[in-house]
Amino acid sequence: ALPICHVIPWVTKSRSLFRETMAEEVKKDSSHDRQGAKELDPWPEYIQDRIKLFDGLHVQYKASLAAKESHPITITLPDGKTMDGESWKTTPLDVATRISKGLADNVVVAKVDGVLFDLERPLEADCKVELLKFDDSEAQSVFWHSTAHVLGEAMERYYGGCLCYGPPIENGFFYDMYMEQRQVSSHEYPDLEGIMKKAVKEKQPFVRMEITKEDLLKMFEYNTFKCRIINERITTPTTTVYRCGPFIDLCRGPHVRHTGKIKALALTKNSSTYWEGNAQAESLQRIYGISFPDTKQLKWQKFQEEAAKRDHRKLGRDQELFFFHDLSPGSCFFFPRGAHIYNLLIDFLRGHYKRRGFQEVITPNVYNSKLWQTSGHWQHYADNMFRFEVEKETLE
């Protein structure tokens, strides 16, 4: 929290700063209304360049798979039963279909010898196969990861920027994009959701392909951030990309069979962040979302909307208690009303300290990152924590 001694000098200026912030929001919203575009026309040039390279490489990749020598294999199910199959031909989806059509329709992803595996990827040898539905936490992550790719497709078609990371999270997914001076507005959600729903309606298959590092760098040469990931993180001769519709992304997978499996989706919020959580790096725009294989499950969204009405950031602004600003992300700027309540709470706590025999101490506001690693905050919130380097040590 921002110390009270730092807040007081801002009190006399906070109202004007608040008005400036609100004016910026109104300006962004009205700018969006003037643009009125549902998606870019034409799409960014890199989309077609990327598809052209993918198509050429995929012909060779399919030929290499077709040339694999097939032989009989034994597939073991979780209950110990076995099935016969053929290497490089039989897929987990074939296994699910043999069990029941209902299972084949509802399974999200497979697990082969303990490793998550695409449903339509051929099995290579004797193996144990599990079939996971959406009620499994690992299947949920795969489902939300696939929806993140659909969001990435929509963001490219709408903003035309450079995508960065787009992972699943505990309740949904997000995607980060670098788009220079532009910022995301919640008023743009309907347009983005519209593009996503088009992709869902098209039932775009998720196509997996192994590719060399050299071809990866060529495929993503337009995107500085993807090239950083390729150069810094990929240590093997080849890795995988996935394609759905016009969207192609560097990705380990696996994914759902096709975008049509996503029956319900909603974008929930957006924020600013930094590349890999480094405050000295580029500023990115992040969009969050949620999705389900059944429209009834989107009731979750209604609970979120109710929670949004009680959001402390909204209540603080509406009641002129406090507000937030990029000058100090995550810290409150208190209005006089908010400062009054803040001081009352401090007095209340100090009174109880004395009555209960405690003594007051004052601790620093900034700590070495080792403390946050010990507490567990670093592992979960590092991307959203303010940090800087001092004598080769990271402070928070």
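Basis for what follows: all heavy atoms, side chains included, without hydrogens, waters or symmetry-related copies. All values derive from a computational prediction rather than experimental measurement.
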Intermediate values then yes/no, salt bridge (charged side-chain N to carboxylate O under 4.0 Å, His left out), Asp94 and Arg98: CA-CA 6 Å; Asp94 294 330; Arg98 288 190 211 174; over 6 Å; no
Thr147 side, atom OG1; Lys261 side, atom NZ - distance, nearest 0.5 Å: 13.0 Å
Arg252 CZ: over 12 foreign heavy atoms closer than 6.0 Å: no
Linked, directly or transitively: Tyr159 and Phe247 (ILVMFWY side chains, under 4.5 Å): yes
Donor-acceptor contact present, side-chain Ser70 to main-chain Glu86, <3.5 Å: no
Asp41/Arg157 salt bridge by N-O under 4.0 Å criterion: no
Steps toward salt bridge (charged side-chain N to carboxylate O under 4.0 Å, His left out) verdict (Asp311, Arg313): CA-CA 5 Å; Asp311 189 308; Arg313 293 167 296 185; 2.7 Å; yes
Arg310 side chain vs His312 backbone, donor-acceptor pair below 3.5 Å: no
Phe335 and Phe323: CA distance, side-chain angles, deciding distance, ring-ring contact (aromatic ring centres under 6.0 Å, His included) verdict: CA-CA 8 Å; Phe335 288 122; Phe323 70 98; 5.4 Å; yes
Main-chain N/O of Asp294 paired to Gln297 side chain as donor or acceptor, under 3.5 Å: yes
Ring centers of Tyr158, Trp43 separated by less than 6.0 Å: no
Close side-chain approach of Thr82 to Ile75, heavy-atom, < 4.5 Å: no
Joint cluster assignment, Leu265 & Met177, ILVMFWY side-chain distance < 4.5 Å: yes
Between Asn270 and Tyr189, a side-chain donor and acceptor under 3.5 Å: yes
SB check Asp135 Lys133 (cutoff 4.0 Å): no
Donor + acceptor pair across side chains of Thr239, Glu210 (<3.5 Å): no
Test item: Asp126 side-chain N/O and Thr74 main-chain N/O as donor-acceptor pair under 3.5 Å: yes
Residue pair Asp249 / Tyr175, side-chain donor-acceptor N/O under 3.5 Å: yes
Sole candidate of His258, His145, His255 that passes ring pair (Phe, Tyr, Trp, His ring centres under 6.0 Å) when paired with Tyr242: His255
Stepwise side-chain contact (heavy atoms from CB on, under 4.5 Å) test for Leu132 and Glu138: CA-CA 8 Å; Leu132 308 181; Glu138 289 184 289; 4.3 Å; yes
ILVMFWY network linking Val241 to Tyr165, side-chain heavy atoms under 4.5 angstrom: yes
Side-chain donor/acceptor of Lys263 to backbone N/O of Gly260, under 3.5 Å: yes
Audit row: Ile248, Val207, side-chain contact (heavy atoms from CB on, under 4.5 Å) steps and yes/no: CA-CA 9 Å; Ile248 302 166; Val207 181; over 6 Å; no
Nearest-0.5 Å distance that lies between atom CG in Leu217 and atom CD1 in Ile211: 9.5 Å
Trace of the side-chain contact (heavy atoms from CB on, under 4.5 Å) decision for Ser87 with Glu124: CA-CA 5 Å; Ser87 65; Glu124 300 174 16; 5.6 Å; no
Val129/Lys111 under side-chain contact (heavy atoms from CB on, under 4.5 Å): CA gap, chis, key distance, verdict: CA-CA 6 Å; Val129 173; Lys111 214 170 183 182; over 6 Å; no
Check: Glu120 main-chain N/O paired with Asp118 side-chain donor or acceptor under 3.5 Å: no
Shared hydrophobic cluster, Met155 / Trp144 (ILVMFWY, side-chain heavy atoms < 4.5 Å): yes
NE2 (His340) with more than 12 external heavy atoms under 6.0 Å: no
Parallel, tilted or perpendicular, as decided by the 30° and 60° cut-offs, for the rings of Tyr46 and Tyr222: parallel
Flag, side chain of Lys269 to backbone of Ile287, donor-acceptor distance under 3.5 Å: no
Ile230 side, atom CD1; Leu250 side, atom CG - distance, nearest 0.5 Å: 5.5 Å
Residue pair Phe322, Phe333: steps toward the ring-ring contact (aromatic ring centres under 6.0 Å, His included) verdict: CA-CA 5 Å; Phe322 55 80; Phe333 292 89; over 10 Å; no
Among Glu153, Glu45, Glu156, Glu221, salt bridge (Lys or Arg N to Asp or Glu O under 4.0 Å) partner for Arg50: Glu156
Distance-only donor-acceptor check, side chains His187 and Ser185, under 3.5 Å: no
Side-chain donor or acceptor of Ser146 paired with backbone N/O of Val256 under 3.5 Å: yes
Atom NZ of Lys128: over 12 foreign heavy atoms under 6.0 Å: no
Short N-O contact, Glu188 and Lys38, less than 4.0 angstrom: no
Ring-ring centroid check Phe134 Phe143, cutoff 6.0 Å: yes
Arg286 charged N/C atom sitting above Phe174 aromatic ring, 6.0 Å / 45°: yes
Electrostatic pair Glu276:Arg233 at N-O distance under 4.0 angstrom: yes
N/O donor-acceptor pair under 3.5 Å between Glu130 side chain and Val112 backbone: no
Arg337 side chain vs Gln319 backbone, donor-acceptor pair below 3.5 Å: yes
Criterion side chain to side chain donor-acceptor pair (under 3.5 Å) on Thr259 and Glu202, from CA distance to verdict: CA-CA 7 Å; Thr259 57; Glu202 291 170 2; over 6 Å; no
Joint hydrophobic cluster, Ile262 plus Met196, side-chain heavy atoms closer than 4.5 Å: yes
